Engineer: 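Here it is, the structure in full.
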Amino acid sequence: MKKLTVFRNPAEDKRITYGINLVMEELERQGYEPLFLERPEDPADYRCTPGKKIYAGILEEDEFLRWAYQEELLIFHTQAPKGEGFYLQTLPGGLTVICGGSSTGVLYGCMELLERIKESGELPEEIAFGDEPVFKLRGPAVGLQKTKIEPPRLTYEYPVTPERFPWFYEKEQWKEFLDMLLSMRCNVLYIWSGHPFSSFVKVSDYPEALEVTEEEYERNCSVFRWLTEECDRRGIWVVLKFYNIHIPLPFARAHRLELLQSSIDPLVADYTYKSIVEFIKAFPNVGLMVCLGEALRGDQNKTAWFVETILPAVKQGLLEAGIREEPPVILRGHDCNPFTAMEGAKKLYSNLFTMWKYNGESLTTYYPRGVWQERHQKLSEIKTTHIMNVHILADLEPFRFNAPLYIQKCTQAGRSRLGANGLHLYPLFYWDWPYSPDKTSERLRQMDRDYFWFAAWFRYAWNPDRDERAEKEYWIHCYTQYYDISRETAEKLFEAQEDAAQCAPRILGRVGITEGNRQTLSLGMTMSELTNVDRYRPNRELWNSVARKGEQPDDYVKKELAGEKHVGETPYDMISDVRVFAESALKKIASAVSEVCAGGGRRQELFRIKTDIHAICLMSLSYCKKVEAAMKILLYKYTMDEKCQGDFKLLEEAAELMKESLDYYRELADLTQDTYLYANSMQTRQRKIPFTDGDAYGHWTQCLPEYEKEYMSFVRNLDGLKNGVLPRAESEEEIVPLQPSGFTLLSEECETYKIEKGECIFKDSHGQIQKAAPELSNLTGIRMDLGDAMNGGVHIKIRFEEDSYLLVGYMQTGGVEWLKLPDLETNTHADDRGGLAAVYRNAVKTKGCPVVEIHAYQYEKGEHDIYFGNGGYMIAGVVSQQTVLAPRNADLGGEGLETLDWMYGQ
Ligand code: GTR
């Protein structure tokens, strides 16, 4: 046994104690016999204790360290440690000093020393090393959220109870996770909830708001308090995230309010204010993170909510608790105007942070650019800490993503191109925390399965500027240790995973509809989504801000036909690159795994990595063939005549390619049947691409029959087309007008009118109807002043006589004067009442306004106060929810058979 002395730090700081204890445990594991001793009264006497010694403290506060510094025994060859920085040094006389800029700095110094002891098996003879983090905030998000919705509650609404979230109460698991985070030097843990207050605080004026039982409430508070303390001793700050404005179900019922509040109701404001006051009093060290949208509409409302309700409540809470120091408040840029909100907030509050999504809700590139880059830069210019949010990984799920060098570049881009100095990281399978989606006899935990996902992000958040070659060696070394494999095997494993990582981001960036979790990339895409992209409301920022500069298939073919030069990555470039990466990844992983004899524990994981890479390869090859087919179809589409007749050879070749793509997909479905429970972690109707409904279409085996049908329809319709057969266009006479349902309009500023030629869709005489789809001809519409609609929006108070559809018309164009159809990229509630997909496209033609498309929203019988936000729109009538609405393109905008969607059976 090697003897060693640890001088106790008299300050008894919990972080220092935690760090020193970890070092002691490691020393014991390595055969030392460490002994605690009081620090000698005269600092110079430290030498009198024989053998090796350790001492840890905060530079600015510690007497002993100050003495050593003045004596020039403690000398920094780098910067003196500040904040979370630390310096390790061996002083003459065998004393190793761990010197931190703060208690967290000391803790990180301990972690550094611990790693070195682990690596070499002993306390270093001589050490002189200083380090500090580059990113100020580094930590993961964990969701108090679930994969499915629990009606009547809406998205994000899950009271915190042991049945829903057993893991929240499992202390041992938390400790394991927190220790992992500490080893990765994380200093923040974000906990996401839609509306946490009704599970964690009681508001005396609103006892009806509590959503959990008294016992559950007590238990929640005690676990949460325990968690914040455990975090604190590890230097981790807890931040609670909430959306606005959600209210608890019992409160909504008691006050006859809607669960989602789209504008500010004084009662709701009072309730929220008081909840936050109570929360701050109960948990003063917990930070808050706010998302001012998605339910609340209108930017001016969102800013007002932040500066008039949320921040004053935080301040009041502090006042009542007698706390001077303002806890941090993070404003997410999501679905609000963060600039006006921050402008107002800065006048009130000093400790503000901002956050914005890195690549949206996918990981697509380390070359972020465009308007999203500008937004980041502008937020970072505010000079509060700006956090890059690596949000839902909709294009990577459900597979592993162990690609440290890819991740390193993202952190570099985050800092250099976006101005970020904080990292907020989602787990790879967010909605199902703590489990991974692998189909195993016992569910795997994400913290184990995705260990390297977390490790890589946080390593580079600490310091993105590490030499790439040395990093490769570092990770190879980690793999040899972690999986107990040879260096040669580890190198192949490393390269295979880096190659595989290139596939999904490139595919999505070139041909995807959206980076949002509306699309699950790994499930494939339909031919209509590839060749008639406008129909799916593509999120163009995917292509313009977070993909390599290049051309989407539609652009490419149009340019080709116009004889224009191609710029950037073409779909064909993507196809050939992805194919190379996918095949190389598969080859390398197969070779790596063949060198490993079967074994238990982590070795098993290598086989699962191989399955993942195999699946990524099949998915990629299936995409490559399908995109090639799509390119041929597009070429046909843009060269055919008005009877859809053209060069059939193109379609024949496309059919052949579709078949090959389908063959790969079949293999993929086969492979994943036994290895994955589902592809997507959010299994709700929010999922739209490739097919609506993430539950019904959450696995490749569920999508396969649709792709089979698509292929067969194409072949059948191609045959017909060659014989000049086109689908029969519905003649207008055959269309039966919809039956109106009764309602009473209660808003005085609006009026009703008959939908017919000559009427105006706005009260102030804008938009005279020239033609409307015959379905609408019996209906009574509601009109408002266009000016009011543009200037703050209009509340429509209405009473429905039965459960109804409200038919709302959106202008089929951009422009700030028109109400924007909410999109699922920024508003998860966009489809809560149905209505996201148009029922009648090109349905009303008016003078002076763009052509209108009709969406049908479900409302229950009774009174409603409907507020959609800023911008003009049309209400075309009310029909019963019993009505079967047959979606169609009414063709008043000049769209028709030429989309070729009918060929795929769409
Ligand atoms: C939405 C997305 C949600 C959630 C949200 C957010 O658009 O659909 O799942 O991630 O963004 O950013 O909070």
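Order of listing sets the numbers, starting from 1, for every ligand and every atom in it. Treat the numbers as computed from the prediction; the structure is a model and nothing was measured.
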Engineer: To check your reading of the model: name the closest protein heavy atom to atom 3 (C) of ligand 1, its residue, and the distance in Å.
Structural biologist: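 Answer, as residue, atom name and distance: Y156 OH, 3.2 Å.
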Engineer: Tell me, please, which residues at least two apart from F452 pass ring-ring contact (aromatic ring centres under 6.0 Å, His included).
Structural biologist: Y479, Y482
Engineer: What atoms of ligand 1 come within less than 4.0 Å of a heavy atom belonging to Q686?
Structural biologist: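 It comes down to these atoms of ligand 1: 2 (C), 8 (O).
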Engineer: R332: heavy atom below 4.0 Å from ligand 1, yes or no?
Structural biologist: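 Right, R332 reaches ligand 1.
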Engineer: I'd like to know if the side chain of Q686 pairs up with that of T828 as donor and acceptor (distance under 3.5 Å, no hydrogens or angles considered).
Structural biologist: yes
Engineer: Just which atoms of ligand 1 are under 4.0 Å from any heavy atom in Y243?
Structural biologist: 4 (C), 5 (C), 6 (C), 13 (O)
Engineer: Evaluate W431 for polar contact with ligand 1, using N/O atom pairs at a separation under 3.5 Å.
Structural biologist: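 Looking only at distances, the answer is no, because the N/O contact criterion of under 3.5 Å is not met.
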Engineer: Looking only at side chains, do N359 and E515 share a donor and an acceptor under 3.5 Å apart?
Structural biologist: no
Engineer: To the nearest 0.1 Å, how far is atom 9 (O) of ligand 1 from its closest protein heavy atom, and which atom is that?
Structural biologist: N517 ND2, 2.9 Å
Engineer: Looking at K357 and E825, is there a salt bridge between them, counting it only when a charged N and a carboxylate O are closer than 4.0 Å?
Structural biologist: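 The answer is no: the pair does not qualify as a salt bridge.
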Engineer: Enumerate the atoms of ligand 1 whose separation from the nearest heavy atom of I392 is less than 4.0 angstrom.
Structural biologist: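 The list of qualifying atoms is 9 (O), 10 (O).
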Engineer: With heavy atoms only and a cut-off of under 4.0 Å, state how W192 meets ligand 1: side chain, backbone, both or neither.
Structural biologist: side chain
Engineer: State which residues pass salt bridge (charged side-chain N to carboxylate O under 4.0 Å, His left out) with E278; sequence neighbours excluded, sorted by chain then number.
Structural biologist: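 Testing E278 for salt bridge (charged side-chain N to carboxylate O under 4.0 Å, His left out), a comparison that skips the adjacent residues, returns K281.
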Engineer: What part of T826 sits under 4.0 Å from ligand 1 if we count only heavy atoms: the side chain, the backbone, both or neither?
Structural biologist: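 Backbone only; the side chain of T826 stays clear of ligand 1.
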Engineer: For K357, counting its heavy atoms only, list the atoms of ligand 1 lying under 4.0 Å from any of them.
Structural biologist: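 Here the atoms of ligand 1 in question are 6 (C), 11 (O), 12 (O).
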Engineer: Return yes if a side-chain donor-acceptor contact under 3.5 Å exists between T520 and Y697, otherwise no.
Structural biologist: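 No - no donor-acceptor pair under 3.5 Å links their side chains.
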Engineer: Any idea which part of H391 is under 4.0 Å from ligand 1, heavy-atom wise: side chain, backbone, both or neither?
Structural biologist: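 Looking at H391 and ligand 1, just side chain atoms fall under 4.0 Å.
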Engineer: Check the side chains of T303 and T340 for a donor-acceptor pair under 3.5 angstrom, ignoring hydrogens and angles.
Structural biologist: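 There is such a pair (donor and acceptor under 3.5 Å, judged by atom type) between the side chains of T340 and T303.
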Engineer: Please say whether E825 places an N or O atom under 3.5 Å from an N or O atom belonging to ligand 1.
Structural biologist: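 Such a contact does occur with ligand 1.
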Engineer: Determine, for K688 against D823, whether the closest basic-nitrogen to carboxylate-oxygen distance falls under 4.0 angstrom.
Structural biologist: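 Looking at K688 and D823, the cut-off is not met.
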Engineer: Any atoms of ligand 1 less than 4.0 Å from a non-hydrogen atom of L824? List them with their elements.
Structural biologist: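 So the atoms of ligand 1 that pass are 1 (C), 2 (C), 7 (O), 8 (O).
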Engineer: To the nearest 0.1 Å, how far is atom 1 (C) of ligand 1 from its closest protein heavy atom, and which atom is that?
Structural biologist: E361 OE2, 3.2 Å
Engineer: Quick one about E294 and Y156 (side-chain donor to acceptor, distance below 3.5 Å, no hydrogens or angles considered), yes or no?
Structural biologist: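 Yes, side-chain donor-acceptor contact under 3.5 Å.
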Engineer: Taking the non-hydrogen atoms of Y430, is any one of them nearer than 4.0 angstrom to ligand 1?
Structural biologist: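 Y430 does not count as a contact of ligand 1 under the 4.0 Å cut-off.
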Engineer: Quick one: look up the protein heavy atom nearest atom 5 (C) of ligand 1 and list residue, atom name and how far away it is.
Structural biologist: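 Ranking protein heavy atoms by distance from atom 5 (C) of ligand 1, first comes E294 OE2, 3.0 Å.
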Engineer: Would you tell me whether D432 and Y678 have side-chain atoms, one donor and one acceptor, within less than 3.5 Å of each other?
Structural biologist: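 Their side chains do contain a donor-acceptor pair, which is all the 3.5 Å distance test asks for.
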